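Shown next, in structure tokens, is the structure this report addresses.
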There are 2 protein chains.
Amino acid sequence: MPSSTVENYLKQIFLEQQINGNDIVAMGKLSERMEVSPGTATSMVKLLDKSGLVNYEPRNGSILTNKGSEIAIHVLRRHRLIELFLVKELGLDWSEVHEEAETLEHSISDKVLEKIDIKLGHPSVDPHGDPIPSAEGKIERKKLVNLADCHAGQVARIGRILDQNSEFLKFINKYGIRPGQIVEIKDHDTIADAVNLAPKNNQPVTLGMHAASKISVEIIDKSSKNEINKRQSQSSNT
Amino acid sequence: MPSSTVENYLKQIFLEQQINGNDIVAMGKLSERMEVSPGTATSMVKLLDKSGLVNYEPRNGSILTNKGSEIAIHVLRRHRLIELFLVKELGLDWSEVHEEAETLEHSISDKVLEKIDIKLGHPSVDPHGDPIPSAEGKIERKKLVNLADCHAGQVARIGRILDQNSEFLKFINKYGIRPGQIVEIKDHDTIADAVNLAPKNNQPVTLGMHAASKISVEIIDKSSKNEINKRQSQSSNT
DNA sequence: ATTTTTATTTTGATTAACCAAAATTATGTT
DNA sequence: AACATAATTTTGGTTAATCAAAATAAAAAT
């Protein structure tokens with residue numbers, strides 16, 4: 001049974017792989033994510049390699065094995081189900097559940113986890129819009145696009161909020177912008193550096209491009225002129 | 001912030017004090033409860049003494065300070081609220097929640113704990129009938145009596161089940177014997193070495209004296225069989 | 001009052017995680 | 001190519017929690 005430290009290393013490697021296209025993860029990046037000294041990360045990764053959880057290439061970095069990946073995904077499942085549970089069942093604010101889940105993800109048994117999963121009706125996304133892996137480890141991956149790259153006339157579903165900042169979350173939530181919500185892009189003005197969007201059943205709201213770039217969406221209706229989406233939507237946290 | 005190891009030491013000392021009349025706890029007893037070698041317990045207790053959580057008398061034993069007691073009670077509150085939550089909200093069986101709570105009691109934040117407390121309606125006993133300390137650390141202490149010492153005609157509320165054995169719990173549960181349940185003692189026969197009791201809305205059951213001694217109750221009506229008992233309202237706590 | 005038994009403490013070692021700082025190797029720049 | 005910079009690994013050391021086995025002290029039995 002992996003310690004919670006080991007689980008965290010695997011999780012961080014996994015998350016980093018997610019945004020770098022499954023490339024090998026540099027020791028610097030890992031030690032930064034884990035908030036430990038580089039030397040510590042090195043010796044840890046050697047141990048993980050020895051137990052067959054990562055492949056470690058000295059002077060280069062490390063990448064998860066299947067076994068390591070499985071564990072990481074399971075941790076992520078726990079984390080995200082717990083987050084949703086805390087919001088939906090216990091009424092915590094979505095801005096505060098991340099920290100809570102950070103510790104609970106290592107102490108909840110599979111038995112309790114599955115009860116939670118049932119109670120929530122086998123949900124597929126957590127309160128930040130991050131996908132919840134299935135019990136079998138499958139992650140439903142949607143092609144998300146940055147809101148700042150959308151065009152006027154498009155209809156989209158809010159996917160993920162990339163900024164976990166509590167103030168930001170409260171702000172957008174107030175205007176009806178939250179994962180799952182359908183919105184229509186009313187206007188995208190490069191000169192004004194702003195996007196105007198109307199969440200269904202809500203007043204339209206105008207966001208500056210910087211704020212818009214913290215929100216990634218899934219395009220439902222491409223009905224406007226077609227262009228290439230350049231900005232990548234990346235996940236910041238779990 | 002005390003480590004979960006420290007929390008466990010304090011909890012075990014507290015529990016042992018409870019049953020030995022707040023006397024000093026011998027190192028042997030502690031090391032046995034903690035399932036560590038005697039030497040380990042000794043060195044740990046020295047540290048606890050240094051941090052003002054216990055008073056350690058070499059060659060004699062240790063006893064909690066107020067500070068240590070406060071922490072122990074808080075851990076117990078967490079443990080018991082979690083147990084009840086797992087049974088009531090997530091539908092786990094009361095025979096399996098003890099183990100789960102054993103780890104969760106160290107990782108749940110006070111914020112989440114209070115949400116759970118609210119959701120459960122500030123309960124005062126856990127699924128085994130053990131009292132749940134209040135947020136302020138008060139423990140409601142009822143005068144409980146052994147079922148084996150009750151007399152025919154008495155009406156009592158099941159208090160605690162002293163045997164955590166899963167089979168036993170399942171058995172008595174099947175016959176409606178569980179904490180909070182009101183029962184009437186129909187017969188107490190020393191010769192037959194048995195007690196016959198009728199849980200409200202259930203068939204009467206006969207228990208051998210040994211089994212009966214694993215159940216402690218709170219006497220509600222001391223009247224012997226010469227009086228008509230008026231029913232009082234009961235809570236539907238399970 | 002000795003001896004034996006039991007309880008407790010000490011000693012020396014181990015393991016998982018960590019750090020700081022020195023040594024090494026790659027990378028980038030002139 | 002030679003030097004400077006950045007990333008990585010090594011080295012030596014720390015802390016919390018543990019154990020086994022030796023040493024000591026207290027309690028019980030003879």
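Chain A is the first sequence line, chain B the second, and so forth, proteins listed ahead of strands; every chain is numbered from 1. Reckoned from all heavy atoms, side chains included, excluding hydrogens, waters and symmetry mates. Not measured: the values here are computed from a predicted model.
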Rounding to a whole Å, what distance do you find between [X]:[atom1] and [N]:[atom2]?
| X | N | atom1 | atom2 | answer |
| --- | --- | --- | --- | --- |
| L30(A) | dC18(C) | CG | C1' | 14 Å |
| E35(A) | dC19(C) | CD | P | 10 Å |
| L47(B) | dT18(D) | CG | C1' | 13 Å |
| N60(B) | dT8(C) | CG | P | 9 Å |
| R33(B) | dA7(C) | CZ | P | 17 Å |
| M27(B) | dT6(C) | CE | C1' | 16 Å |
| E32(A) | dA6(D) | CD | C1' | 14 Å |
| K46(B) | dT10(C) | NZ | P | 4 Å |

What I want to check is whether the side chains of [X] and [Y] have a donor and an acceptor closer together than 3.5 Å.
| X | Y | result |
| --- | --- | --- |
| D193(A) | H210(A) | no |
| E100(A) | S109(B) | yes |
| D149(A) | H188(A) | no |
| D130(B) | H79(B) | no |

The side chain to side chain contact (heavy atoms under 4.5 Å, CB included) partner of I73(A) among I139(A), L64(A), L10(A) is I139(A)
Kindly point out which of [options] is positioned nearest to the side chain of [X]?
| X | options | answer |
| --- | --- | --- |
| M44(B) | dT8(C), dA17(D), dC19(C) | dA17(D) |
| T42(A) | dT10(D), dT10(C), dC19(C) | dT10(D) |
| P38(B) | dA20(D), dC18(C), dT9(C) | dT9(C) |
| Y9(B) | dC18(C), dT9(D), dT18(D) | dT18(D) |
| V6(A) | dA20(D), dT9(C), dA17(C) | dA17(C) |

Legend entry - Under 4.0 angstrom between Y56(B) side-chain N/O and dT9(C) OP1 or OP2: yes
### Presence of T40(A) side-chain N/O under 4.0 Å of dC18(C) phosphate oxygens OP1/OP2
no
Counting any heavy atom closer than 4.0 Å, what does [X] reach on the DNA or RNA strands: base, sugar-phosphate only, or nothing?
| X | answer |
| --- | --- |
| A41(A) | nothing |
| G28(A) | sugar-phosphate |
| T5(B) | sugar-phosphate |
| K29(B) | nothing |
| S3(B) | sugar-phosphate |

Nearest-nucleotide check on DNA chain C, R59(A) vs S43(A); residue mapping nearer the 5' end is S43(A)
**Request:** Please state whether the rings of H98(B) and H128(B) are parallel, tilted or perpendicular, taking 30° and 60° as the class boundaries.
**Result:** perpendicular
